[in-house]
Amino acid sequence: MARKLIIDTDPGIDDAVALTLALFDPKLDVVAVTAVGGNVPPEMASRNVQAIIEQLDPPRWPRTGSASAPDAGLPADARHIHGADGLGNAKFEVAELIHRHPAEKVICDEVRAAPDEVTILALGPLTNIARAFQRDPGLESQVGRLVIMGGAVTAPGNVTPAAEFNIYCDPVSARSVFKSRTTKTLIPLDVTNQVPLTYDLLDNLPPETSRGGAFLRRVLPHAFRSHRQLFGQEEIFLHDVVALVAVTHPELFETCEIAGDVETQGELTAGATLFDRRPRPEWRANMEIATAVDSAAVVDYIMRAMKRAGQV
Ligand code: RIB
Ligand code: CA
């Protein structure tokens, strides 16, 4: 039985790669893809979700949900990394956004339709997740599992010295979700930074003749260019793809139960994630967190999943 999955995403190149692998994974039933502002503004995130699904034309089209800005507005974006359009400047044509439903409504509908069966994979700021829980308070206990790419334990932040990007963009929503009753797993930078991807990735993309291959060939090269130009790095980190692998292959990760919270006020520390790692913790554990990953096995899965995405 394929695992029901909702992907909440701010596409972004690493989001787009994660979506490609998920939409062609026969073990996953992606019932919905909901857009959230983050890497790109909300309207562009909604457009990019539609563009990705149109380009990939997966065997089963998921429902889509549209993004709207967090209450406090977005403090940053990442178009300097992902391109002016968020998808490597591929400039995809997109049919007019039709039947637009708010992301949080789509999340509520799909979770309610299959209580305890749906995994939500959050690849961007947690605005939609927090709004879904506010819209339907009983939803928290109906989600099978919430897997979040975000935060940092001892790793430095990537948008400020203290904060990881997804949490930084909407710390109030992140704090609310961290405190929710939902069964949750956090995949922090400490782990996603352990999976560098080299130019081997470009050399092993699916054939241009496949929809997955054509899409990835238009989107991925920009990530390598921006990482070299901005950071002097010859490898890239597809954080969201690592979080997807935590859904499909949790056995490749070590985890522990921990209490986590989010700083929402600090001038220098807004968006920082804090975990009670004292010898005798006093905060009540509220999540599972990934602490280690079998990097080679994750890269192997990515290569195999890309090959599969190139077979249609
Ligand atoms: O910090 C990495 C996260 O921020 C990834 O999800 C990336 O796509 C951006 O959203
Ligand atoms: Ca993302």
Side-chain angles (χ1 to χ4, degrees), residues 2-12 15-16 18-25 28-71 74 86 94-150 166 169-170 173-174 176-177 180-184 240 243-244 247:
R3 175 198 288 261
K4 292 185 186 299
L5 185 65
I6 294 173
I7 300 179
D8 192 65
T9 173
D10 61 334
D15 302 72
L19 278 169
T20 305
L21 305 188
L23 288 167
F24 289 115
D25 186 332
L28 296 176
D29 175 12
V30 183
V31 296
V33 178
T34 50
V36 62
N39 284 319
V40 297
E43 182 62 24
M44 188 178 285
S46 303
R47 187 183 189 282
N48 286 353
V49 162
Q50 179 146 338
I52 293 166
I53 292 169
E54 287 179 2
Q55 292 295 319
L56 295 175
D57 187 16
R60 179 187 183 284
W61 281 45
R63 283 188 70 190
T64 57
S66 291
S68 54
D71 298 344
L74 275 174
V94 183
E96 232 358 83
L97 286 175
I98 48 175
H99 306 312
R100 296 175 60 133
H101 298 287
E104 61 270 22
K105 181 183 184 309
V106 172
I107 292 169
C108 290
D109 291 350
E110 292 302 325
V111 170
R112 282 291 182 188
D116 300 324
E117 289 181 37
V118 177
T119 297
I120 301 176
L121 177 59
L123 301 179
L126 294 172
T127 310
N128 294 335
I129 312 302
R131 284 181 174 162
F133 290 168
Q134 286 151 15
R135 180 186 181 108
D136 179 351
L139 205 76
E140 294 181 20
S141 52
Q142 303 260 313
V143 175
R145 180 173 287 273
L146 170 62
V147 179
I148 302 165
M149 191 281 131
N166 287 338
C169 280
D170 187 350
S173 291
S176 165
V177 171
S180 71
R181 294 191 309 277
T182 294
T183 305
K184 60 187 87 77
D240 293 339
L244 171 68
V247 171

Side chains of [X] and [Y], heavy atoms from C-beta outward: is any pair under 4.5 Å?
{"X": "L5", "Y": "D29", "value": "no"}
{"X": "L23", "Y": "P62", "value": "yes"}
{"X": "T9", "Y": "V49", "value": "yes"}
{"X": "E54", "Y": "V94", "value": "yes"}
{"X": "T64", "Y": "T34", "value": "no"}
{"X": "D170", "Y": "L126", "value": "no"}

| What pair of heavy atoms forms the shortest contact from P58 to F24, and how long is it? |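 Closest heavy-atom pair between P58 and F24: CA-CE2, 4.0 Å.
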| task | Please report the closest heavy-atom contact between G38 and C169, naming both atoms and the distance. | result |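 Reported closest heavy-atom pair: CA-SG, 4.3 Å.
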Rounded to the nearest 0.5 Å, how far apart are [atom1] of [X] and [atom2] of [Y]?
{"X": "E104", "Y": "S66", "atom1": "CD", "atom2": "OG", "answer": "10.0 Å"}
{"X": "I52", "Y": "D15", "atom1": "CD1", "atom2": "CG", "answer": "7.5 Å"}
{"X": "S173", "Y": "D71", "atom1": "OG", "atom2": "CG", "answer": "7.0 Å"}
{"X": "D10", "Y": "N166", "atom1": "CG", "atom2": "CG", "answer": "5.5 Å"}

Please list, one pair per line, the donor and acceptor atoms closer than 3.5 Å that link side chains of residues 139-150 to other protein atoms, with sequence neighbours excluded.
{"from": "E140", "atom 1": "OE1", "to": "R181", "atom 2": "N", "distance (Å)": "2.8"}
{"from": "S141", "atom 1": "OG", "to": "G138", "atom 2": "O", "distance (Å)": "3.1"}
{"from": "Q142", "atom 1": "OE1", "to": "R112", "atom 2": "NH1", "distance (Å)": "3.4"}
{"from": "R145", "atom 1": "NH1", "to": "T185", "atom 2": "OG1", "distance (Å)": "2.5"}
{"from": "R145", "atom 1": "NH1", "to": "E288", "atom 2": "OE1", "distance (Å)": "3.4"}

| Listed partners of Q55 passing side-chain hydrogen bond (donor to acceptor under 3.5 Å, both in side chains), at least two apart |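 Scan of Q55 (side-chain hydrogen bond (donor to acceptor under 3.5 Å, both in side chains), adjacent residues dropped) gives none.
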| query | Within the side chain of N128, is there an N or O that forms a donor-acceptor pair under 3.5 Å with the backbone of A35? | reply | yes
| query | When you measure from the side chain of K184 to the backbone N and O of T182, does any donor-acceptor pair fall under 3.5 Å? | reply |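 Yes, the answer is positive, given that a donor and an acceptor are paired below the 3.5 Å cut-off.
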| said: For a salt bridge (charged side-chain N to carboxylate O under 4.0 Å, His left out) check, start with the C-alpha distance between R100 and E43, then their side-chain angles and the critical distance, and finish with the verdict. | reply: CA-CA 11 Å; R100 296 175 60 133; E43 182 62 24; 3.0 Å; yes
Let me have the donor-acceptor pairs involving side chains of residues 115-123, under 3.5 Å, with sequence neighbours excluded, atom names and distances please.
{"from": "T119", "atom 1": "OG1", "to": "R3", "atom 2": "NH1", "distance (Å)": "3.0"}

| Audit row: V111, I6, side-chain contact (heavy atoms from CB on, under 4.5 Å) steps and yes/no | CA-CA 9 Å; V111 170; I6 294 173; 4.0 Å; yes
| D136 with R131: basic N within carboxylate O range, under 4.0 Å |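 A salt bridge is absent here (no side-chain N lies under 4.0 Å from a carboxylate O).
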